[in-house]
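Just so we're clear, the structure is a prediction, and the values are computed from it rather than from any experiment. In the text below, chain A, chain B and the rest are named by the order of the sequence lines, each starting its count at 1.
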Amino acid sequence: MAEADLLAARREKLLRLRDQGVNPYPYSYARTHTVAEVRAAFGSLGPHQRTGTRVRLAGRLVALRRMGRAAFGNVLDRSGRIQIYASTDVLGSELYERFVDLDLGDIVGVAGEPFTTKTGELTVDVGEFTLLAKSLRPLPEKWHGLKDVETRYRQRALDFIANDAARRAVEVRALVLRSCRSYLDAQGFLEVETPILQPIYGGASARPFVTHHNVLGRDLYLRVAPELYLKRLLVGGLEKVYEIGRNFRNEGISSMHNPEFTALEAYEAFGDYERAMELAEGIVEACALAVAGTTRLTYQERELDVTPPWRRASLLDLVAEGSGCDVEKPLPELVAEIEHRGLPLPPPLRNGPKGKVIEHLLETCVQDSLWNPTFVLDFPLDISPLAKRKRGRDDLVERFELYVTGREVANAFSELNDPDDQRERFAMQEALRAGGDSEAQPLDEDFLRDLELGMPPAAGIGFGLDRLIMVFADMPSIREVLAFPPLR
RNA sequence: GGGUCGUUAGCUCAGUCGGUAGAGCACCGGCCUUUUAAGCCGGGAGUCGCAGGUUCGAUUCCUGCACGACCCA
């Protein structure tokens, strides 16, 4: 039937119900049990058992199998789906006819006795039912469901009705956020909120979105990271702070990138990046236990073990091993060797900075192999303007990136707190910007002034939570873990 | 930005070496009191993504565009 006819048929039924005095959109329903609660209470019965009790369920009617004067259906609520049974024996013929006149997709309340069928399936024998919301549109196919990716993303509510995995991803996000908060709260951290609209952006190498404040008459940036504000809280003596919120980076969309993404940043005074590693292990372990009950997971049909402690490897060692290149060479010689070996190198990188070349080698020759959690340690100073120099190496900083399933999920430093060094780093960034690097970080005088007050040495870490959620939700694309993915 | 693939009924998909299209589910009617992708009988349902081109004729071939997926930058 054409879609218009399907819609018209439901509209006619809606009118008919109103004529019969039925309110198709009543105000509330006193539910006593979710589906999961019914299963928890009665799930262990053998076949052909009655319970002698009555439950009130509410949810969406997602299947209806008529057999003359009896029918089976399925009701789906937040916690799952359960079979229901309706018969003229219990309802009488008039109510029964009304029951089987329900449409797939209708939201209903049903009250009745849980029992088990001859096959042992837990079923609710409907004694009363109430239409709670008439559905005026057809549902996707019951067996194959809704598969078309474009429709799934454009009509996400329909996707959540039809696909359990889509709903599960929303739940996993909530579990991950809750676990991060519980872990950090238990460690004595304070959850804070810092500006999203910023007069100067900073804290990450990225191009910003620009917006405009009419009353102030000035442009503002959507933050690319909360880092500089969180550090100013450290200066202010808050000592252990974290923020969970949206960052915005003006870049493309891919299976790993979304222009707005959820970040967790945590800063702890008096620690260094060793402490940040402990935090990373603790946070991920807590999430794994909350979502899966174990730290031995499966991601995309491959085993993934996130049990701490994790592998630690130096960036330069990994890159040297993965690319075969001598990364201690000066930039021109390194570029020559890369090209001699036939490795890809985007032309703009040939002029450096050298750190970007090494980072590129990490991405192209190493990262895919970093499946179980791996701390990649000690980054080049020239691409790390907010991190403290590595003890004993002037060209490196105490910084790590955490890789899981071949993807970067976190980035952490021993935070730079020497205001004069920080000013020099900003100057290096300004020079890069002058050289055409649109992602270089702008100098922030207010931040420097606060650093001059004295910021305690500190561990700092930032997680891309969407990517972490992908791991725990076993999803291959960031769009699958966004309730409403971006659309063109 | 580049390459490859895709877009057919509400949904999931076939198909047409160029002659305006099919199935299952869903929907409508009938039968059916333990089904669970229920079953049986019957029925209706399509601008074949959009716009051009070639052709007697295009859903099919060609070009462009839109949207999407994957890969590359």
Taking the same atom, [atom1], in [N] and in [M], what whole-Å distance lies between them?
{"N": "rG68(B)", "M": "rG57(B)", "atom1": "P", "result": "35 Å"}
{"N": "rA23(B)", "M": "rA14(B)", "atom1": "C1'", "result": "7 Å"}
{"N": "rC17(B)", "M": "rG24(B)", "atom1": "C1'", "result": "27 Å"}
{"N": "rA51(B)", "M": "rU8(B)", "atom1": "P", "result": "16 Å"}
{"N": "rA73(B)", "M": "rC13(B)", "atom1": "P", "result": "31 Å"}
{"N": "rA26(B)", "M": "rC11(B)", "atom1": "C1'", "result": "7 Å"}
{"N": "rG6(B)", "M": "rC65(B)", "atom1": "C1'", "result": "16 Å"}
{"N": "rU7(B)", "M": "rC48(B)", "atom1": "C1'", "result": "10 Å"}

Quick one: is [X] getting a side-chain N or O under 4.0 Å of the [N] phosphate, OP1 or OP2?
{"X": "Arg66(A)", "N": "rU35(B)", "answer": "no"}
{"X": "Lys118(A)", "N": "rU35(B)", "answer": "yes"}
{"X": "Arg154(A)", "N": "rG68(B)", "answer": "yes"}

Could you please name the partner base of [N], counting Watson-Crick and G-U wobble pairs only when both distances are under 3.5 Å?
{"N": "rA45(B)", "result": "none"}
{"N": "rU33(B)", "result": "none"}
{"N": "rA9(B)", "result": "none"}

[X] (side chain) and [N] (base): donor-acceptor pair under 3.5 Å:
{"X": "Tyr96(A)", "N": "rU33(B)", "result": "no"}
{"X": "Thr119(A)", "N": "rU34(B)", "result": "no"}
{"X": "Thr117(A)", "N": "rU35(B)", "result": "yes"}
{"X": "Thr88(A)", "N": "rU33(B)", "result": "yes"}

Quick one: label [X] by what it contacts on the DNA or RNA (base, sugar-phosphate, nothing), any heavy atom closer than 4.0 Å.
{"X": "Thr151(A)", "result": "nothing"}
{"X": "Arg65(A)", "result": "base"}
{"X": "Arg152(A)", "result": "nothing"}
{"X": "Gly73(A)", "result": "nothing"}

Atom [atom1] of [X] to atom [atom2] of [N]: distance rounded to whole Å?
{"X": "Glu141(A)", "N": "rA26(B)", "atom1": "CD", "atom2": "C1'", "result": "8 Å"}
{"X": "Leu139(A)", "N": "rG10(B)", "atom1": "CG", "atom2": "P", "result": "15 Å"}
{"X": "Leu64(A)", "N": "rG39(B)", "atom1": "CG", "atom2": "P", "result": "14 Å"}
{"X": "Phe115(A)", "N": "rU35(B)", "atom1": "CZ", "atom2": "C1'", "result": "10 Å"}
{"X": "Arg11(A)", "N": "rG10(B)", "atom1": "CZ", "atom2": "P", "result": "18 Å"}
{"X": "Lys147(A)", "N": "rC11(B)", "atom1": "NZ", "atom2": "C1'", "result": "11 Å"}

Could you check Glu363(A) against Glu408(A) for side chain to side chain contact (heavy atoms under 4.5 Å, CB included), going step by step and ending with a plain yes or no?
-> CA-CA 9 Å; Glu363(A) 289 166 6; Glu408(A) 179 204 347; over 6 Å; no

Does the side chain of [X] pick up a donor-acceptor pair with the side chain of [Y] at under 3.5 Å?
{"X": "Arg249(A)", "Y": "Asn258(A)", "value": "no"}
{"X": "Ser205(A)", "Y": "Gln441(A)", "value": "yes"}
{"X": "Asn247(A)", "Y": "Arg223(A)", "value": "yes"}

Any idea how Phe115(A) and Tyr85(A) line up, ring-wise: parallel (<30°), tilted (30 to 60°), or perpendicular (>60°)?
->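 If you compare the ring of Phe115(A) with that of Tyr85(A), the planes turn out perpendicular.
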
Should the pair Phe484(A) and Phe160(A) be assigned to parallel (<30°), tilted (30 to 60°) or perpendicular (>60°) ring geometry?
-> perpendicular

How do Asp89(A) and Pro140(A) order along RNA chain B: which one's closest nucleotide is nearer the 5' end?
-> Pro140(A)

On RNA chain B, more 5' by nearest nucleotide between Glu121(A) and Pro486(A) is Glu121(A)

Just do the salt bridge (Lys or Arg N to Asp or Glu O under 4.0 Å) check on Lys13(A) and Asp103(A) with the steps written out, would you?
-> CA-CA 9 Å; Lys13(A) 193 172 284 190; Asp103(A) 286 313; 2.9 Å; yes

